[in-house]
Asks: 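Below you will find the structure I want to go over with you.
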Amino acid sequence: MKQKTSLLALCLALCLALTACGGTQTTQSEDESGSAAPDASASAEAELTEEPAETSEAEADSSTTAASGEGAAIASISLETVEGETATADGGTMIMTYSYQIPTVTLADAAAQAAVQEDLDAVVETFVTYVQEELEPLAQETYQTYYEGTDNEFPGFSDVLTITLARVDDAVISLVIDEVGYSGGAHGWDNRYCRNYDAQTGERLTFEMLGENFRSAAEELVLAKAAEMQEEETTFFDNYADSISFVVCDGTETYAEIYARLYPDVYGENGTVEAPEGNLEPTYYLTQDGVTFLSGEYVMQPYAGGIVEIPLSYDDLIDVMNSQYML
């Protein structure tokens with residue numbers, strides 16, 4: 001409850017802060033289907049709905065989404081969308097738009113529900129903090145420095161956080177999260193990552209939980225699929241196999257560990273450069289049919305290749321994957 005209260009307080013603070021700068025914010029509910037495999041690429045095309053300038057208060061609706069079982073919902077997640085925009089101090093130019101979704105989790109076990117809710121609240125809170133404390137000031141500064149008083153049209157900054165429900169049932173909660181934005185430069189970005197939970201305990205799923213040899217088997221299978229794709233059409237860099245550690249991730253890997261493995265002369269014990277702090281984000285999600293792995297922008301392929309998804313069926317993993325998480 002404390003974490004949820006903190007999230008709502010931060011959302012309110014964002015609304016008030018951006019309204020003071022000429023911003024507006026609205027809230028709407030959305031229905032998602034989480035029992036079938038998602039088209040995760042569609043989330044990268046999320047568009048902001050323009051709201052009237054006079055709209056300044058959030059309007060919340062409730063919605064029930066993906067639920068497992070028949071009759072009473074056992075596992076479900078609802079998504080509430082918040083949209084807003086920020087103008088210059090004089091209200092003359094729209095400099096930033098943003099949108100994010102607030103998930104509400106319902107699970108049979110209260111402790112598991114609280115654990116998943118707390119983790120997803122942290123995802124949203126991180127996004128809101130970034131928009132409020134970094135992106136909005138950067139948009140203001142960029143406009144004032146390069147566009148104000150000129151004939152050049154400010155392209156506008158944006159950031160959109162969308163959540164796709166890949167699988168929601170009484171065994172697994174699996175979500176695909178896209179943060180799509182633009183903050184200047186030649187093009188924007190799409191940072192896609194995942195969240196996977198044991199629906200009975202609320203724990204974030206790791207490869208060790210999925211199976212003792214799951215990681216090594218997944219790496220081999222993903223590389224085999226990538227090789228097939230490369231033969232059909234040149235998709236990846238020539239040395240794409242070197243980046244497999246960034247494609248098969250469950251969130252337990254640290255940047256220091258992966259960088260030292262891939263670039264020992266630079267980031268290893270004898271290296272001179274410190275790796276970024278923290279852990280990598282999970283790059284896989286579960287569906288009704290299997291497990292899909294993500295190769296993000298610039299990982300195994302150039303930016304023009306977009307985000308490449310590499311699906312494995314449960315049949316591919318039947319010898320190494322814990323059956324309780326399979327369908």
Side-chain angles (χ1 to χ4, degrees), residues 4 7-34 38-63 65-66 77-88 93-105 120-140 142-143 154-166 175-184 187-195 281 297 307:
K4 185 67 174 177
L7 172 62
L8 294 176
L10 184 56
C11 292
L12 178 60
L14 175 61
C15 177
L16 294 175
L18 296 185
T19 300
C21 296
T24 63
Q25 179 166 311
T26 61
T27 308
Q28 65 184 33
S29 61
E30 291 191 358
D31 289 329
E32 300 280 350
S33 175
D39 179 6
S41 61
S43 63
E45 301 173 357
E47 296 181 356
L48 292 173
T49 302
E50 294 187 3
E51 297 294 336
E54 63 270 21
T55 303
S56 59
E57 295 184 1
E59 299 177 0
D61 296 316
S62 60
S63 93
T65 65
I77 295 181
S78 64
L79 298 173
E80 183 181 335
T81 298
V82 177
E83 298 174 333
E85 54 190 21
T86 301
T88 52
T93 302
M94 192 60 57
I95 62 169
M96 185 187 75
T97 57
Y98 66 91
S99 174
Y100 59 94
Q101 292 177 305
I102 300 176
T104 299
V105 181
L120 291 176
D121 283 350
V123 170
V124 177
E125 186 167 350
T126 297
F127 173 86
V128 171
T129 300
Y130 168 73
V131 168
Q132 180 180 17
E133 298 183 1
E134 297 185 43
L135 186 63
E136 194 273 341
L138 179 60
Q140 293 280 9
T142 302
Y143 173 76
F154 185 59
F157 287 6
S158 65
D159 209 352
V160 179
L161 182 77
T162 58
I163 300 173
T164 300
L165 310 182
L175 312 175
V176 181
I177 302 171
D178 274 277
E179 185 175 348
V180 183
Y182 175 76
S183 57
H187 52 68
W189 73 87
D190 182 352
N191 179 30
R192 183 175 300 169
Y193 57 96
C194 308
R195 282 292 186 270
E281 294 283 8
E297 293 176 343
I307 294 175

Asks: Run Arg192 and Ile177 through side chain to side chain contact (heavy atoms under 4.5 Å, CB included) and show every step you take.
Replies: CA-CA 6 Å; Arg192 183 175 300 169; Ile177 302 171; over 6 Å; no
Asks: Sub-3.5 Å donor-acceptor pair from the side chain of Thr88 to the main-chain atoms of Thr93, do we have one?
Replies: yes
Asks: Calculate, to the nearest 0.5 Å, the distance between atoms CD and CG belonging to Glu134 and Asp159 respectively.
Replies: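 Rounded to the nearest 0.5 Å, the CD-CG separation comes to 10.5 Å.
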Asks: Side chains of Glu136 and Gln140: is there a donor and an acceptor less than 3.5 Å apart?
Replies: yes
Asks: How about Val131 and Met96: do any of their side-chain heavy atoms sit closer than 4.5 Å?
Replies: yes
Asks: Mind listing the closest non-hydrogen atom pair of Ser99 and Phe127 along with its distance?
Replies: O-CZ, 3.5 Å
Asks: Let me see the working for Arg195 and Leu120 under side chain to side chain contact (heavy atoms under 4.5 Å, CB included), right down to the final yes or no.
Replies: CA-CA 8 Å; Arg195 282 292 186 270; Leu120 291 176; 4.2 Å; yes
Asks: Do Ile163 and Leu165 have side-chain heavy atoms sitting under 4.5 Å apart?
Replies: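 Ile163 reaches Leu165 side chain to side chain.
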Asks: Using a 4.5 Å cut-off on heavy atoms from C-beta on, say whether the side chain of Ile307 contacts that of Asp190.
Replies: yes
Asks: What's the shortest heavy-atom distance between Pro103 and Asp121, and which atoms?
Replies: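 Heavy atoms only, the tightest pair is O-OD1, 4.4 Å.
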Asks: For Leu161, is there any backbone N or O sitting under 3.5 Å from a side-chain donor or acceptor partner on Glu179?
Replies: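 Here the side-chain-to-backbone pair does not exist.
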Asks: Tell me every residue that passes side chain to side chain contact (heavy atoms under 4.5 Å, CB included) with Tyr182, counting only those two or more places apart in sequence or in another chain.
Replies: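 Partners of Tyr182 under the side chain to side chain contact (heavy atoms under 4.5 Å, CB included) test: Pro155, Phe157, Ser158.
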Asks: I'd like to check the side chain to side chain contact (heavy atoms under 4.5 Å, CB included) partners of Pro137; sequence neighbours left out, ordered by chain and number.
Replies: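 None.
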Asks: Could you check whether any side-chain heavy atom of Thr81 comes within less than 4.5 Å of a side-chain heavy atom of Tyr100, counting everything from C-beta outward?
Replies: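 A side-chain contact under 4.5 Å is absent here.
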Asks: Going by the rule ring pair (Phe, Tyr, Trp, His ring centres under 6.0 Å), which residues pair with Tyr143 if we only count those two or more places apart in sequence or in a different chain?
Replies: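 Result, ring pair (Phe, Tyr, Trp, His ring centres under 6.0 Å) vs Tyr143: Phe154.
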Asks: With sequence neighbours left out, what residues match Glu297 under salt bridge (charged side-chain N to carboxylate O under 4.0 Å, His left out)?
Replies: none
Asks: Between Thr162 and Gln101, is any pair of side-chain heavy atoms under 4.5 Å apart?
Replies: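 Yes - at least one pair of side-chain heavy atoms lies under 4.5 Å apart.
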Asks: Is there a side chain to side chain contact (heavy atoms under 4.5 Å, CB included) between Leu79 and Ile102? Walk through the geometry before answering.
Replies: CA-CA 6 Å; Leu79 298 173; Ile102 300 176; over 6 Å; no
Asks: Any side-chain heavy atom of Cys194 sitting closer than 4.5 Å to one from Leu175?
Replies: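 Contact flag for Cys194/Leu175 side chains = no.
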